[in-house]
Amino acid sequence: MINLILFGPPGSGKGTQAAKLLKKYKLVHISTGDLFRFNLKNNTPLGLEAKKYIDKGDLVPDSVTINMLTAKVNENPNANGFIFDGFPRNVHQSEALDALLTSKGSAVSALIALDVDDEELTNRLLARGKTSGRKDDSDESIIRNRLSVYHKETSPVYDYYDKAGKSVKVNGVGTLLAVFRRLCKLMNKY
Ligand code: ADP
């Protein structure tokens, strides 16, 4: 099994690159952000709970997120592997993911971090906000909060997997195709 964490700050291109990687490697894509937005759109209790946090740019509580992620992994017992996008977002979630994969006789293969500076990220998110309809992309103060949450809570996840020799950085600036080629080069190793 190949279990890849596609990692990086909001706006670094995780979702876009994950979609391209899926087509090439037969992996199951799990994006916690997409799952939350699906629930929001359908007004489920989970969506209503998550909305309180997403609209402010805060993390949804771990208990909610981890249960949702676990259910999604369990829905795919025959997967060749997974691309985790937007998860784990703090060290506690990393520990939960490791425990879940261990219980299936598997493990995280690698964490690939897309490296993009904050100024470029803010510009990308504001541009996306004009068409995505995402409230959290259209307000600069919410974007700033998401970036600060990323630096404080999420970036330690890189170090967590780095200690196990699993983290690798990829330059996330350039055309979609240029970044995709960099990722594919790395994928050949797993
Ligand atoms: P982006 O990477 O552009 O911030 P996502 O689609 O990954 O967007 O996430 C959107 C929002 O959903 C986050 O700001 C957060 O509120 C919530 N969210 C997504 N994944 C997680 C997670 N693993 N833990 C907690 N909250 C999450």
Side-chain angles (χ1 to χ4, degrees), residues 3-22 29-42 44-73 82-101 108 111-158 160-161 170 172-173 176 179:
N3 296 306
L4 211 68
I5 298 172
L6 200 52
F7 191 75
S12 56
K14 300 183 296 287
T16 311
Q17 295 296 338
K20 289 172 82 65
L21 287 169
L22 288 187
H29 178 209
I30 302 186
S31 158
T32 42
D34 286 351
L35 290 173
F36 284 133
R37 279 185 291 278
F38 177 82
N39 279 280
L40 271 174
K41 214 172 94 194
N42 292 290
T44 68
L46 177 75
L48 292 173
E49 173 66 13
K51 184 173 167 47
K52 296 186 229 159
Y53 303 91
I54 294 176
D55 282 354
K56 286 191 269 181
D58 289 334
L59 295 187
V60 177
D62 284 346
S63 54
V64 177
T65 307
I66 291 167
N67 284 341
M68 178 179 78
L69 184 281
T70 303
K72 201 70 198 171
V73 168
F82 295 91
I83 296 185
F84 297 101
D85 159 6
F87 186 94
R89 247 176 162 91
N90 59 30
V91 169
H92 182 232
Q93 293 183 8
S94 310
E95 290 164 351
L97 178 62
D98 286 353
L100 175 65
L101 293 176
V108 166
L111 176 151
I112 301 183
L114 291 168
D115 207 10
V116 180
D117 63 80
D118 278 9
E119 197 189 329
E120 165 86 9
L121 292 169
T122 310
N123 292 337
R124 285 187 189 181
L125 290 170
L126 285 170
R128 184 168 80 184
K130 288 188 185 136
T131 54
S132 70
R134 279 177 59 170
K135 187 177 169 198
D136 60 347
D137 281 346
S138 20
D139 180 321
E140 203 163 339
S141 70
I142 299 175
I143 291 176
R144 236 178 284 124
N145 186 43
R146 285 159 67 200
L147 290 174
S148 119
V149 168
Y150 174 81
H151 290 301
K152 238 188 298 178
E153 296 187 48
T154 307
S155 62
V157 171
Y158 181 93
Y160 175 89
Y161 286 106
V170 167
V173 181
L176 293 185
V179 176

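Quick caveat: nothing in here was measured; it's all calculated off a predicted structure. In each ligand, atom 1 is the first atom listed, and ligand 1 is the first ligand listed.
For the pair T154/F7, a side-chain contact is recorded, criterion being any heavy-atom separation below 4.5 Å from C-beta on.
When only non-hydrogen protein atoms are considered, atom 24 (N) of ligand 1 lies nearest to Q93 NE2, 3.0 Å. Counting protein heavy atoms only, atom 20 (N) of ligand 1 is closest to T32 OG1, 2.8 Å. Looking from atom 27 (C) of ligand 1 to the surrounding protein, the closest heavy atom is F36 CE1, 3.7 Å.
Residue K56 does not touch ligand 1, judged by heavy-atom distances below 4.0 Å. At a heavy-atom distance under 4.0 Å, no atom of H92 approaches ligand 1. Contacts between N90 and ligand 1 below 4.0 angstrom, taking non-hydrogen atoms only, are absent altogether. At a heavy-atom distance under 4.0 Å, atoms from both the backbone and the side chain of I54 approach ligand 1.
Looking at D58, V60, D34, V64 and measuring to atom 16 (O) of ligand 1, the nearest heavy atom belongs to D58. Of the candidates R146, K14, R89, it is R89 that places a heavy atom closest to atom 5 (P) of ligand 1.
Backbone and side-chain nitrogen or oxygen atoms of G86 are examined, and one is located within less than 3.5 angstrom of a nitrogen or oxygen of ligand 1. Where the criterion is an N or O separation shorter than 3.5 Å, residue side chain and backbone included, R134 meets it with respect to ligand 1. Of the N or O atoms in R37, one or more lie within a sub-3.5 Å distance of an N or O in ligand 1.
For the residue pair A18 and L6, the shortest heavy atom distance occurs at N-CD2, 3.7 Å. Residues L121 and S12 approach most closely at CD2-N, 3.7 Å, considering heavy atoms. For P10 against Y150, the heavy-atom pair with the smallest separation is CD-CB, 4.1 Å.
Tested against N145, the residues D136, D139, D58 include a single side chain to side chain donor-acceptor pair (under 3.5 Å) partner, D58.
A search for side-chain hydrogen bond (donor to acceptor under 3.5 Å, both in side chains) contacts involving R144 returns nothing, not counting sequence neighbours. Residues passing the side-chain contact (heavy atoms from CB on, under 4.5 Å) test with D62 are I66, N90, H92, Q93, sequence neighbours excluded.
Within ligand 1, the atoms closer than 4.0 Å to a non-hydrogen atom of T65 are 22 (C), 23 (N), 24 (N), 25 (C), numbered from 1 in the order shown.
Taking a cutoff of 4.0 Å between a charged side-chain nitrogen and a carboxylate oxygen, R146 and D137 qualify as a salt bridge.
R128 counts as a contact of ligand 1, since one of its heavy atoms falls under 4.0 Å from the ligand.
The neighbour count for K20 NZ, taken as heavy atoms of other residues, nucleotides or ligands under 6.0 Å away, is above 12.
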